Amino acid sequence: MTNFNTRLVHQPAQGDNGTGAVTVPIYKATTFEYPAVGAPIKDDYSRSGNPTRRALEDQLADLEGGYQGFCFSSGMAAIHAALAIFKQGDHIIVGYQIYGGTFRLLHQFFARWGLSITAVDTRDLAAIEGAIRPNTKAIYFEPVTNPLLQVTSVSDVAQLAHQHQLLTIVDNTFLSPYLLRPLTLGADVVIHSATKYLSGHSDVSAGAVIVKDPALARRVYFIQNALGAVLSPEDSNELARGVKTLSLRLDRQIANVKELVNYLRPRPDIAQIYYPGVKGLAGYEALQKEATGAGGVFSFELSTGIDPVRFVNQLKLFKLAVSLGAVESLVELPSKMSHAELSPEEQLAAGIKPGLIRMAVGIEDYRDQIADIKQALDKAQK
């Protein structure tokens with residue numbers, strides 16, 4: 001089975017199920033019996049290895065084109081594990097628009113242990129190269145940023161990283177392996193908040209790390225086993241179920257985004273739209289070179305004649321909530337929610353204007369989505 005959509009549906013068999021079940025069972029056992037002292041075993045303790053979780057980890061590694069996958073209890077636990085392979089005195093270059101939780105983890109946790117970072121615009125290879133130090137070990141970035149959806153080339157960054165013997169670490173949450181496979185473009189490590197598109201139903205908190213070679217796998221496994229923030233068998237089963245419909249959901253979400261963008265572009269109350277999946281919008285040509293789509297998130301700026309707080313409060317179908325990637329549509333106001341900790345000056349420097357709206361589009365009928373946006377815009381007129 002070599003085609004991606006087929007591999008979404010069929011997890012790798014674990015080889016110990018004699019019942020004929022067509023899905024991997026939920027193995028809730030916390031410990032596993034040794035046949036004899038010194039006998040070879042596959043599992044001994046569920047934190048160290050669990051058949052339900054391993055089937056999912058093997059599948060995600062296969063979907064990303066990697067050597068081995070590791071699943072965690074949240075996206076932040078996965079990011080923590082990927083960064084914990086570094087040591088005191090190491091330096092990492094990061095994208096200046098990485099997820100806020102990652103930025104907080106680096107600045108308020110890893111900085112205490114002597115891990116230093118430099119934030120740059122990863123679209124600018126000269127800026128990356130200028131930030132490299134003798135102790136630099138990796139470049140960490142998101143190929144499509146949140147919430148402005150700026151596009152960075154994975155292959156360009158990976159090529160530069162390899163020239164300097166650096167690791168390339170890519171957070172692929174926004175696109176998923178259905179749309180982009182960074183390891184096949186030269187990256188070394190891929191991270192997912194599997195809570196988002198991989199799960200897709202707002203009911204599982206999970207994270208994943210996939211690596212391209214055995215040496216990296218040993219380093220990440222040590223962290224996974226030592227810290228223990230593993231995904232439970234029950235949540236592994238839920239996540240595996242979500243993965244089966246990844247492409248079906250994303251196809252609908254992308255189609256819906258394009259309908260919404262086409263509706264909003266000519267409206268005078270929309271100042272700008274950010275979505276690299278539509279020709280003519282920023283990032284389109286760059287993304288086309290490496291990805292097959294831009295995902296189900298887009299952002300837009302309201303004109304000065306629309307009250308952004310009133311707009312989001314008037315929406316009915318789009319729920320006012322953080323997160324993304326699920327079957328239901330969500331909306332957030334970055335200046336008041338995801339980036340509220342920044343001062344107004346810092347927000348503007350990051351491109352976050354008061355009228356910026358981010359929508360995570362679900363699989364509802366696009367006509368209902370458009371109707372909801374229209375009535376909210378009408379009611380938000382100043």
Side-chain angles (χ1 to χ4, degrees), residues 7 10-19 21 23-87 105 109-110 113 115 138 167 169 171-173 177 183 188-195 198-199 204-243:
R7 303 202 311 274
H10 297 276
Q11 283 185 286
Q14 293 304 295
D16 61 349
N17 177 28
T19 68
T23 59
V24 175
I26 303 174
Y27 290 86
K28 297 184 67 172
T30 58
T31 191
F32 300 85
E33 181 183 5
Y34 284 69
V37 174
I41 58 169
K42 180 179 287 187
D43 297 307
D44 63 349
Y45 192 64
S46 197
R47 166 172 49 79
S48 304
N50 176 279
T52 310
R53 188 175 80 238
R54 184 167 51 249
L56 174 64
E57 292 172 332
D58 290 348
Q59 183 183 30
L60 294 180
D62 174 65
L63 295 175
E64 282 284 7
Y67 172 77
Q68 191 169 349
F70 305 89
C71 286
F72 298 85
S73 55
S74 70
M76 286 310 306
I79 293 168
H80 179 214
L83 294 173
I85 68 175
F86 301 105
K87 65 181 187 302
L105 182 69
F109 181 80
F110 280 110
W113 309 111
L115 185 66
L167 293 177
I169 305 174
D171 184 334
N172 197 29
T173 298
L183 297 181
D188 302 287
V189 180
V190 167
I191 299 170
H192 288 278
S193 173
T195 309
L198 293 178
S199 171
V204 177
S205 176
V209 176
I210 300 97
V211 300
K212 73 183 305 180
D213 63 50
L216 280 171
R218 288 191 292 270
R219 294 165 72 181
V220 174
Y221 176 73
F222 173 82
I223 300 300
Q224 183 192 44
N225 188 43
L227 297 183
V230 295
L231 193 63
S232 72
E234 293 87 347
D235 283 343
S236 295
N237 179 68
E238 291 287 316
L239 179 53
R241 184 167 62 178
V243 167

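Values in this document were obtained by computation on a predicted structure and should not be read as measured data. Note that the numbering runs from 1 along the sequence shown for the chain.
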Whether [X] side chain and [Y] backbone form a donor-acceptor pair below 3.5 Å:
{"X": "T52", "Y": "Y27", "result": "yes"}
{"X": "T31", "Y": "D44", "result": "yes"}
{"X": "S193", "Y": "G207", "result": "no"}

Using every non-hydrogen atom in the two residues, find where [X] and [Y] come nearest and quote the distance to one decimal.
{"X": "R53", "Y": "S46", "result": "NH1-O, 3.1 Å"}
{"X": "I191", "Y": "A82", "result": "CD1-CB, 3.6 Å"}
{"X": "I169", "Y": "A138", "result": "CD1-CB, 4.1 Å"}
{"X": "L198", "Y": "L60", "result": "CD1-CD2, 4.2 Å"}

Which value, rounded to the nearest 0.5 Å, describes the distance between H10 atom NE2 and D62 atom CG?
12.5 Å
Applying salt bridge (charged side-chain N to carboxylate O under 4.0 Å, His left out), can you list everything that pairs with D58, at least two apart in sequence or on another chain?
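Not a single residue meets the salt bridge (charged side-chain N to carboxylate O under 4.0 Å, His left out) criterion with D58.
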The criterion is side chain to side chain contact (heavy atoms under 4.5 Å, CB included); which residues satisfy it with A55, sequence neighbours excluded?
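With sequence neighbours excluded, A55 shows a side chain to side chain contact (heavy atoms under 4.5 Å, CB included) to Q11, Q14, V24, given in chain and number order.
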Please enumerate all residues that pass side chain to side chain contact (heavy atoms under 4.5 Å, CB included) together with A39, with sequence neighbours excluded.
P35, A36
So, using side chain to side chain donor-acceptor pair (under 3.5 Å) as the criterion, who are the partners of [X] when residues are at least two apart?
{"X": "S205", "result": "none"}
{"X": "T173", "result": "D171"}
{"X": "Q68", "result": "none"}

Can you run down the salt bridge (Lys or Arg N to Asp or Glu O under 4.0 Å) pairs that involve residues 225-234, sequence neighbours left out, and say none if there aren't any?
K28-E234
Contacts under 3.5 angstrom, residues 213-220 side chains, donor-acceptor by atom type, not counting sequence neighbours:
unit_1 : atom_1 : unit_2 : atom_2 : d
D213   : OD1    : A215   : N      : 3.1
D213   : OD1    : L216   : N      : 2.8
R219   : NH2    : I85    : O      : 3.3

Summary of ring pair (Phe, Tyr, Trp, His ring centres under 6.0 Å) pairs that have at least one residue in residues 52-82, sequence neighbours excluded:
H80-F109, H80-F110
Flag the pair [X] / [Y] as yes when at least one side-chain heavy-atom distance between them is below 4.5 Å, and no otherwise.
{"X": "N50", "Y": "D43", "value": "no"}
{"X": "I210", "Y": "H192", "value": "yes"}
{"X": "I26", "Y": "S236", "value": "no"}

Donor-acceptor list for residues 223-233 side chains, cut-off 3.5 Å, not counting sequence neighbours:
unit_1 : atom_1 : unit_2 : atom_2 : d
Q224   : NE2    : E57    : OE2    : 3.1
Q224   : NE2    : C71    : O      : 3.1
N225   : OD1    : R47    : NH1    : 2.9
N225   : OD1    : S48    : OG     : 2.7
S232   : OG     : D235   : N      : 3.0

